[in-house]
2 protein chains.
Amino acid sequence: MRTGEAAVLEAHGIKPSAQRVAIADYVLHTDEHPSADEVWERVKRVFPMVSRATVYNTLNLFVAKGLLRHLVLTEGRLVFDSNVDKHHHFIDEETGKIYDLPWDTLEVSRVEQLKGFDVRDYQVLVRGKKRRTRGAR
Amino acid sequence: MRTGEAAVLEAHGIKPSAQRVAIADYVLHTDEHPSADEVWERVKRVFPMVSRATVYNTLNLFVAKGLLRHLVLTEGRLVFDSNVDKHHHFIDEETGKIYDLPWDTLEVSRVEQLKGFDVRDYQVLVRGKKRRTRGAR
DNA sequence: TCTAAACTTAGACTATGTCTAATGTATGAG
DNA sequence: CTCATACATTAGACATAGTCTAAGTTTAGA
């Protein structure tokens with residue numbers, strides 16, 4: 001278990017309890033875009049008594065404090081993304097897996113000229129099939 | 001109630017029952033991006049005995065037959081979109097309302113050059129606040 | 001140590017969506 | 001026309017994701 005997590009939490013104004021550190025330890029270091037229940041399953045391995053409510057509360061707290069984003073990209077699942085920088089997403093329609101696309105691989109023109117809308121944020125959502133490339137994640 | 005709906009359903013290989021026509025009558029002519037339960041509420045006004053399962057089955061059937069798209073854009077809601085042409089979406093973060101953005105108001109570059117991905121479809125997802133413009137919806 | 005605030009827990013609750021078994025309806029063959 | 005069959009519809013049970021609540025536990029400070 002990494003001990004640096006506690007410091008990260010404190011830096012964001014979050015009191016670092018044991019449960020919160022365990023959750024942070026997984027969710028801040030994965031690129032798997034887990035759902036809340038997946039986080040729960042994972043955290044229970046190292047912390048069997050943790051309750052569902054705690055995991056949900058903690059994840060929502062992390063989102064409120066800017067440590068995570070939540071995404072609503074796939075059916076029936078609210079997933080979390082530890083990459084809080086701007087980026088796009090690719091969804092593999094066969095596996096449901098979500099991949100981050102770096103911000104500058106795509107370029108969107110004319111977003112700022114949208115009439116009647118104050119744009120706060122945007123991203124491109126790409127769907128399709130990931131090619132099999134061994135070694136790639 | 002428009003009678004042309006039955007012909008539209010048949011043209012897509014769907015047997016036009018009374019319930020299905022009533023559902024089509026609402027959902028194919030709205031730009032409100034309703035959720036399944038919203039469709040149910042609406043259809044019950046003119047067809048009080050319709051069951052939840054029928055509405056869900058019918059909407060899924062329409063999606064399978066290409067009459068509708070379903071979108072997973074907002075938290076906890078799978079919404080339906082009768083606009084099956086390519087277009088982008090704007091989500092008002094205050095009201096949760098979804099607006100269609102015509103395809104050519106935005107332009108995305110370099111989508112086809114994505115390495116390792118077969119792109120089947122993409123759209124831009126814009127979030128922010130809609131300006132109040134009386135008369136516009 | 002004692003107390004108050006904050007955190008965690010188990011489980012009830014809500015909402016959304018699916019499934020099933022039984023019933024209803026439409027249609028074509030006889 | 002009647003029956004048989006296939007398909008549609010129904011009510012309600014079930015599943016899943018997420019929230020809420022009340023009670024218990026921890027923590028930090030006086």
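So you know, we letter chains A, B, ... as the sequences are listed, proteins then strands, and number each from 1. As a basis for the values below, the full set of heavy atoms in this structure was taken, side chains included, without hydrogen atoms, waters or symmetry mates. Remember, predicted model here, so these are calculated numbers, not experimental data.
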- Quick one: label A:D37 by what it contacts on the DNA or RNA (base, sugar-phosphate, nothing), any heavy atom closer than 4.0 Å. sugar-phosphate
- Task: Check whether any side-chain N or O of A:Y56 sits under 4.0 Å from OP1 or OP2 of D:dG18, and answer yes or no.
- Result: yes
- Query: Is any side-chain nitrogen or oxygen of B:R52 closer than 4.0 Å to OP1 or OP2 of C:dT16?
  - Reply: no
- Message: If the cut-off is 4.0 Å, is B:Q19 near the phosphate of D:dT10, judged by side-chain N/O to OP1 or OP2?
- Response: yes
- Validation row: A:N83, A:D31 side chains within 4.5 angstrom (heavy atoms): no
- Message: Testing the basics here: between B:H87 and B:L101, what is the closest heavy-atom pair and its distance to 0.1 Å?
- Response: CB-O, 3.3 Å
- Taking atom types as modelled, is there a side-chain donor on B:Y122 or B:E112 under 3.5 Å from an acceptor on the other? no
- Query: Counting just side-chain N and O atoms, does A:N60 come under 4.0 Å of either OP1 or OP2 of D:dT19?
  - Reply: yes
- Message: Run the salt bridge (charged side-chain N to carboxylate O under 4.0 Å, His left out) test on A:K129 and A:E93 for me, step by step, so that the C-alpha distance in whole Å, both residues' side-chain angles and the decisive distance to 0.1 Å come before the verdict.
- Response: CA-CA 6 Å; A:K129 193 156 66 76; A:E93 294 184 321; over 6 Å; no
- With respect to the side chain of A:M49, which nucleotide from D:dT10, C:dT9, D:dA8 is positioned closest? C:dT9
- Query: Does C:dA26 have OP1 or OP2 sitting under 4.0 Å from an N or O in the side chain of B:S17?
  - Reply: no
- Tell me whether the OP1 or OP2 atom of D:dA11 has a side-chain N or O from B:S51 closer than 4.0 Å. no
